[in-house]
Amino acid sequence: LIDRARFQPLSAVLAQAGVDLRFWLPTVDTDNIEQLTDFPDLSAELEKQLAGASALVVVSPFFLYTPDEISLVERFVADGGRLLLISDPDVESDSASDTNQLAAAFNVIFNQDYLYDTVHNDENFTYFFQGEFLDQAADLAGSTIAFYGARSISGEVTPEVRSANTTLSSVRNGLTGFDTVALGGTDANGSQ
């Protein structure tokens, strides 16, 4: 599980804007789960959490989203809610495929890799710098920003941030300049 204290900076920024940060962790007895398909649908509980919410942040989910839960999130976004998806390979048990259960509905794919840079980093090869700021992130051009663990992103997305050209992927050999922040969405679910 992710330490909630890691979200203190986000909570502080949101509080300055008059927005509260609430955590929701499904209460499921995992001892009774023998296989992933046994995980119960929690869309009713999730719907209660999203009532009145302006955004949903999903970080390295440790359970798979059911079709009803995905539909609920699609409706939430189509109704003007925001969705931020984060898959962090440094989080124990994080799997891009678990995040992609939800991300794929918005044409976003997190690759099952981790990015690293042995040439230009923030004192650890997985603490790599961003190299290009595009689209809505263009105002950050000239900034020095390091990500402390990330995956590359693919899909039908609008790239916002790309890693430096010295950053490499653990599985995508021969490539550089990976999308690390992107906007996704589809016309089909009203999220584009």
Side-chain angles (χ1 to χ4, degrees), residues 1-4 6-7 23-43 45-47 49-50 55-78 81-117 125-128 130 147-163 167-189 191-192:
L1 292 177
I2 298 172
D3 181 4
R4 290 183 186 192
R6 294 177 68 183
F7 293 91
F23 289 92
W24 179 60
L25 296 173
T27 53
V28 173
D29 183 1
T30 54
D31 291 336
N32 294 329
I33 306 290
E34 293 182 23
Q35 55 189 358
L36 291 176
T37 56
D38 293 340
F39 206 89
D41 177 79
L42 299 173
S43 55
E45 292 84 354
L46 180 57
E47 187 169 26
Q49 289 295 318
L50 293 178
L56 171 64
V57 179
V58 177
V59 180
S60 299
F62 60 91
F63 65 93
L64 297 178
Y65 278 75
T66 66
D68 287 344
E69 293 164 347
I70 293 169
S71 293
L72 175 65
V73 174
E74 287 178 306
R75 287 191 310 274
F76 172 74
V77 172
R82 300 286 189 218
L83 174 63
L84 173 62
L85 298 170
I86 300 170
S87 181
D88 185 345
D90 287 340
V91 172
E92 186 178 340
S93 78
D94 176 277
S95 173
S97 61
D98 293 348
T99 306
N100 288 337
Q101 286 287 121
L102 180 57
F106 301 93
N107 290 335
V108 176
I109 301 298
F110 289 88
N111 295 299
Q112 190 67 43
D113 62 359
Y114 66 87
L115 301 180
Y116 66 97
D117 195 323
F125 70 96
T126 61
Y127 298 174
F128 64 94
Q130 304 310 300
F147 280 13
Y148 284 23
R151 301 183 185 285
S152 60
I153 300 172
S154 300
E156 293 182 39
V157 298
T158 302
E160 297 293 318
V161 180
R162 285 198 179 116
S163 64
T167 301
L168 302 172
S169 166
S170 62
V171 297
R172 300 177 73 198
N173 297 333
L175 300 175
T176 62
F178 299 99
D179 294 339
T180 55
V181 177
L183 297 176
T186 68
D187 286 333
N189 63 19
S191 63
Q192 193 160 28

Original post:
Is a side-chain N or O of Thr167 found less than 3.5 angstrom from the main chain of Ser163, in a donor-acceptor match?
Top reply: no

**OP:** For side-chain contact (heavy atoms from CB on, under 4.5 Å), just list the numbers for Leu42 and Trp24, CA-CA rounded to whole Å, side-chain angles, deciding distance to a tenth of an Å, and then say yes or no.
**Re:** CA-CA 11 Å; Leu42 299 173; Trp24 179 60; 4.1 Å; yes

Original post:
Under the salt bridge (charged side-chain N to carboxylate O under 4.0 Å, His left out) rule, what pairs show up with a residue in residues 151-163, not counting sequence neighbours?
Top reply: Asp94-Arg151, Glu132-Arg162, Arg162-Asp179

Subject >> Nearest non-hydrogen partners of Ile70 and Ala105, listed with the distance >> reply: CG2-CB, 3.7 Å

Subject >> Modelled atom types, side-chain donor and acceptor of Asp113 and Ser169, under 3.5 Å >> reply: yes

Original post:
With distance as the sole test, does Glu69 use its side chain to make a donor-acceptor pair with the main-chain N or O of Thr66 at under 3.5 Å?
Top reply: yes

**OP:** Might you work through the side-chain contact (heavy atoms from CB on, under 4.5 Å) test for Tyr127 and Tyr116, ending with a clear yes or no?
**Re:** CA-CA 7 Å; Tyr127 298 174; Tyr116 66 97; over 6 Å; no

Original post:
What are the two closest non-hydrogen atoms of Gln112 and Ala96, and how far apart are they?
Top reply: OE1-N, 2.9 Å

**OP:** Answer yes or no: does atom CZ of Arg4 have more than 12 heavy-atom neighbours from other residues, nucleotides or ligands under 6.0 Å?
**Re:** yes

Subject >> Closest non-hydrogen atom pair between Pro61 and Thr99, with its separation >> reply: CD-OG1, 3.3 Å

Original post:
Ring centres of Tyr148 and Phe128 under 6.0 Å apart?
Top reply: no

Original post:
Asp117 versus Phe125: any side-chain heavy-atom pair under 4.5 Å?
Top reply: no

**OP:** Hey, could you give me the CG/OG distance between Leu64 and Ser97, rounded to the nearest 0.5 Å?
**Re:** 7.5 Å

Original post:
Can you tell me how far the CG atom of Leu50 sits from the CG atom of Leu72, to the nearest 0.5 Å?
Top reply: 5.5 Å

Original post:
Under the side-chain contact (heavy atoms from CB on, under 4.5 Å) criterion, do Leu102 and Val58 qualify, and how do the steps go?
Top reply: CA-CA 9 Å; Leu102 180 57; Val58 177; 4.0 Å; yes

Subject >> For Gly185 against Asn107, the heavy-atom pair lying closest together >> reply: O-ND2, 3.4 Å

Original post:
Is there side-chain contact between Val108 and Ile153, with at least one heavy-atom pair below 4.5 Å?
Top reply: yes

**OP:** State the CG-CZ distance between Asp88 and Phe110, to the nearest 0.5 angstrom.
**Re:** 10.5 Å

Original post:
Is it true that a side-chain atom of Ser60 and a backbone atom of Ser87 form a donor plus acceptor pair closer than 3.5 Å?
Top reply: no

Original post:
Shortest non-hydrogen contact from Tyr114 to Pro89?
Top reply: CB-CG, 3.7 Å

Original post:
Are the side chain of Asn111 and the backbone N or O of Ser152 linked by a donor-acceptor pair below 3.5 Å?
Top reply: yes

Original post:
Going from CZ on Phe178 to CG on Leu168, what distance comes out if it is rounded to the nearest 0.5 angstrom?
Top reply: 6.5 Å

Subject >> Atom pair CG/CG of Leu46 and Asp68 - distance to nearest 0.5 Å >> reply: 11.0 Å

**OP:** Report the C-alpha distance between Phe76 and Leu83 in whole Å, list the side-chain angles of each, state the deciding distance to 0.1 Å, and finish with yes or no for side-chain contact (heavy atoms from CB on, under 4.5 Å).
**Re:** CA-CA 9 Å; Phe76 172 74; Leu83 174 63; 5.8 Å; no

**OP:** List in chain and number order the residues that pass ring-ring contact (aromatic ring centres under 6.0 Å, His included) with Phe106, two or more places apart in sequence or in another chain; answer none if no residue qualifies.
**Re:** none

**OP:** Nearest 0.5 Å please: distance from the OG1 atom of Thr158 over to the CG atom of Leu183.
**Re:** 5.5 Å

